[in-house]
Participant: 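I am attaching a structure below and will ask some questions about it afterwards.
What you see is a predicted model, and the numbers here were worked out from it, not measured in a lab. Residue numbers begin at 1 in each chain, while the letters A, B, ... track the order of the sequences.
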Protein chains: 2
Amino acid sequence: MKVEKISELTTNRLSIYLRCLNDLAAQGAKTVSSDGLAKKFHLNSAQIRKDLAYFGEFGVRGVGYYIDDLRKHLTKILGLDKKHCVGIIGAGRLGTALADYYGFAQSNFSVAALFDADQDKIGQKVGTVEIFDIKSFAETVKKYKIDVAVIAVPAEFAQDVLEQITNSGIKAVMNFAPIPLRAKGDVKIKNVDLTISLESLSYFLAKPSNKNGKILKPNAAKSRIKQ
Amino acid sequence: MKVEKISELTTNRLSIYLRCLNDLAAQGAKTVSSDGLAKKFHLNSAQIRKDLAYFGEFGVRGVGYYIDDLRKHLTKILGLDKKHCVGIIGAGRLGTALADYYGFAQSNFSVAALFDADQDKIGQKVGTVEIFDIKSFAETVKKYKIDVAVIAVPAEFAQDVLEQITNSGIKAVMNFAPIPLRAKGDVKIKNVDLTISLESLSYFLAKPSNKNGKILKPNAAKSRIKQ
DNA sequence: AATTTATGTTTCAAGTGTGAAACAAAAGGA
DNA sequence: TCCTTTTGTTTCACACTTGAAACATAAATT
């Protein structure tokens with residue numbers, strides 16, 4: 001078992017392994033080998049063993065892994081056995097959609113509050129979640145023991161909002177604003193930039209090497225200036 | 001100007017550059033140097049120049065970049081000057097939320113149709129977008145000239161849905177199902193796995209090295225089995 | 001007891017992305 | 001005309017991730 005610092009790519013794969021195991025468990029399987037797992041879900045068996053080895057020895061030589069056992073370990077490693085309270089800043093379309101996004105509940109997160117600056121929205125409810133004045137952010141965070149913040153405001157406000165979040169002592173932030181925010185100190189920020197993803201698809205559809213689509217225009221690559 | 005294949009990380013940065021330029025343009029700036037851009041938005045000037053150089057010579061030595069000019073070039077490179085039609089498969093919470101997500105409209109995408117298998121939902125409308133029977137997928141795609149698909153169904157159906165999508169000739173797919181789908185042939189898939197992002201935050205909050213939080217339990221790392 | 005199976009672990013090569021450094025070339029200003 | 005600025009371009013070193021290979025070790029089976 002190693003003690004080096006663990007890459008985020010590794011923990012991301014742990015999430016995937018856990019889902020695969022849930023799948024197998026639902027099908028009634030009791031054990032699985034790294035090879036079996038790899039073949040079934042298009043993974044790499046050596047990598048599975050390596051990833052798991054960062055955290056302990058969970059397998060049994062000659063047998064493989066006891067699925068229920070490994071699920072419990074991964075659940076604990078990923079912290080999915082502990083509840084967290086989420087505050088969503090920005091009660092616009094995205095924010096309100098996220099407020100009753102079932103993915104939060106599926107994981108160990110529950111949405112405790114929405115925040116907005118718009119006086120018309122404050123006091124209203126989205127599902128069971130109340131919209132609070134952003135001015136009362138720090139108090140409300142304390143009151144509801146919010147430890148995860150979701151940024152769902154326009155890009156121009158994101159940096160300010162992040163500052164408020166970090167000032168309130170929250171250490172985990174998910175940012176949906178289309179601007180990459182950098183973590184300061186021991187705060188973890190996950191940027192989920194849908195705009196970049198969309199524009200990445202747009203680029204793919206438009207790029208000259210995309211011969212099969214009818215989108216291709218000759219000389220689209222020659223965007224060179226001659227002045 | 002190079003002709004090598006271009007990394008997705010590069011085009012992702014182009015998206016970011018474009019937003020920064022839009023920012024500057026809104027502030028009335030006319031030109032900007034790679035250094036100025038880098039300092040203002042915490043980027044790397046050498047990388048900016050390198051990224052842009054893949055696509056042409058857009059700058060003016062001794063001056064920098066003419067902002068409007070570069071915006072036009074980036075818009076064209078990213079294909080943001082061409083409209084695309086989006087079909088969303090899965091009219092659940094996420095699917096319907098995405099149906100009127102303003103981010104689509106902000107980019108060059110417009111949502112043309114939702115699809116679902118639930119007979120109760122078919123025929124209803126979400127905003128201006130109608131929900132169609134998934135059985136009529138191929139026809140509807142043709143009818144509305146849909147060229148981008150969004151998968152917003154539970155994980156267990158995602159692979160089947162992807163097959164239908166590729167069979168219909170669509171080349172660009174955004175997958176929100178919590179299972180990484182692999183692209184076949186010349187189909188581009190962007191996986192947006194919110195579950196992984198959430199569990200990544202969960203891991204961060206739970207991990208033993210996170211000394212400041214009160215979540216820490218001694219020996220949490222020693223999940224080693226002795227049997 | 002011997003064999004088989006599959007983990008745990010190390011090592012290595014290959015590929016990729018990043019960022020610094022250096023420099024020629026072009027444009028504008030003094 | 002000379003100098004300054006800044007791009008365009010190459011080169012290099014560094015870091016990181018992946019995936020293959022090899023092998024000792026442990027458990028189960030025959």
Side-chain angles (χ1 to χ4, degrees), chain A residues 1-14 16-17 21 24 29-67 69-70 73-74 180 182 196 200 223-227, chain B residues 1-14 16-17 21 24 29-67 69-70 73-74 180 182 200 222-227:
Chain A
M1 177 163 150
K2 303 162 190 180
V3 283
E4 321 156 37
K5 78 160 191 276
I6 286 143
S7 143
E8 180 152 337
L9 295 175
T10 297
T11 59
N12 286 353
R13 281 191 297 269
L14 293 190
I16 293 172
Y17 301 156
L21 292 170
L24 289 176
K30 294 300 171 202
T31 67
V32 69
S33 69
S34 60
D35 230 49
L37 201 61
K39 289 212 174 88
K40 190 141 190 187
F41 297 98
H42 306 275
L43 307 168
N44 181 292
S45 66
Q47 188 157 56
I48 293 173
R49 294 203 299 279
K50 222 187 275 185
D51 286 337
L52 295 177
Y54 281 116
F55 298 93
E57 300 181 11
F58 306 129
V60 181
R61 294 167 203 230
V63 176
Y65 300 91
Y66 288 100
I67 292 177
D69 188 60
L70 187 52
H73 277 108
L74 290 181
R182 292 168 318 292
I196 285 184
S200 171
S223 47
R224 194 187 163 105
I225 308 179
K226 290 233 173 121
Q227 295 177 332
Chain B
M1 176 163 151
K2 302 161 188 179
V3 282
E4 321 156 39
K5 80 161 190 278
I6 286 145
S7 145
E8 180 152 338
L9 295 175
T10 298
T11 59
N12 286 354
R13 281 191 297 270
L14 293 190
I16 294 173
Y17 300 157
L21 292 171
L24 289 176
K30 294 300 170 202
T31 67
V32 68
S33 70
S34 60
D35 230 48
L37 200 60
K39 289 215 173 87
K40 188 141 192 186
F41 297 98
H42 306 275
L43 306 168
N44 181 293
S45 65
Q47 190 157 53
I48 293 173
R49 294 204 300 278
K50 222 188 274 185
D51 287 336
L52 295 177
Y54 282 115
F55 298 93
E57 300 181 11
F58 307 127
V60 181
R61 295 168 202 231
V63 175
Y65 301 91
Y66 288 100
I67 292 177
D69 187 59
L70 187 52
H73 277 108
L74 290 181
R182 293 169 318 292
S200 172
K222 273 199 194 168
S223 47
R224 194 186 163 105
I225 308 179
K226 288 235 173 113
Q227 293 178 334

Participant: For B/L52 and D/dT9, give me the distance from atom CG to atom P, rounded to whole Å.
Facilitator: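 Distance check: B/L52 CG to D/dT9 P gives 11 Å.
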Participant: Starting at CG of B/D35 and ending at C1' of D/dG8, how long is that distance when rounded to a whole Å?
Facilitator: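 From B/D35 CG to D/dG8 C1': 15 Å.
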Participant: Quick one: side chain to side chain donor-acceptor pair (under 3.5 Å) partners of A/S200, sequence neighbours excluded?
Facilitator: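 Side chain to side chain donor-acceptor pair (under 3.5 Å) list for A/S200, sorted by chain: B/E8.
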Participant: To the nearest Å, how far apart are B/Y65 OH and C/dA26 P?
Facilitator: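 Computing the B/Y65:OH to C/dA26:P distance gives 16 Å.
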Participant: Can you list everything that forms a side-chain contact (heavy atoms from CB on, under 4.5 Å) with B/A46? Sequence neighbours excluded, please.
Facilitator: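 Partners of B/A46 under the side-chain contact (heavy atoms from CB on, under 4.5 Å) test: B/N44.
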Participant: A/Y66 OH to C/dT5 C1': how many Å, rounded?
Facilitator: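 Spelled out: OH on A/Y66 to C1' on C/dT5 is 13 Å.
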Participant: Among residues at least two apart in sequence or on other chains, which ones pass salt bridge (Lys or Arg N to Asp or Glu O under 4.0 Å) with B/K39?
Facilitator: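 Per chain and number, B/K39 pairs via salt bridge (Lys or Arg N to Asp or Glu O under 4.0 Å) with B/D35.
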Participant: My understanding is that only residues two or more places apart in sequence, or in another chain, count here; which of them pass salt bridge (Lys or Arg N to Asp or Glu O under 4.0 Å) with B/R49?
Facilitator: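 Residues passing salt bridge (Lys or Arg N to Asp or Glu O under 4.0 Å) with B/R49: none at all.
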Participant: How does each nucleotide of nucleotides 16-25 of chain D score, in 5' to 3' order, for protein heavy atoms under 4.0 Å: base (B), sugar-phosphate only (S), or none (-)?
Facilitator: -SSBB---BB
Participant: Would you kindly give the CG-to-C1' distance between B/D69 and C/dA27, to the nearest whole Å?
Facilitator: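 Interatomic distance, CG of B/D69 to C1' of C/dA27: 15 Å.
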Participant: Got a sec, which residues hit side chain to side chain donor-acceptor pair (under 3.5 Å) with B/N12, two or more places apart in sequence or on another chain?
Facilitator: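 For B/N12 there are no side chain to side chain donor-acceptor pair (under 3.5 Å) partners, ignoring immediate neighbours.
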Participant: Between B/S34 and D/dT6, is there a side-chain N or O to OP1/OP2 distance below 4.0 Å?
Facilitator: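 Indeed not, no polar side-chain atom of B/S34 lies that close.
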Participant: Can you tell me how far P of C/dG17 sits from CD1 of B/I6, to the nearest Å?
Facilitator: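 Interatomic distance, CD1 of B/I6 to P of C/dG17: 12 Å.
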Participant: Please report, rounded to the nearest Å, how far the P atom of C/dT9 is from the CD1 atom of A/I48.
Facilitator: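 After rounding, the gap between these two atoms is 16 Å.
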Participant: Any side-chain heavy atom of B/I16 sitting closer than 4.5 Å to one from B/F41?
Facilitator: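 The answer is no, as the side chains (C-beta and beyond) never meet within the 4.5 Å cut-off.
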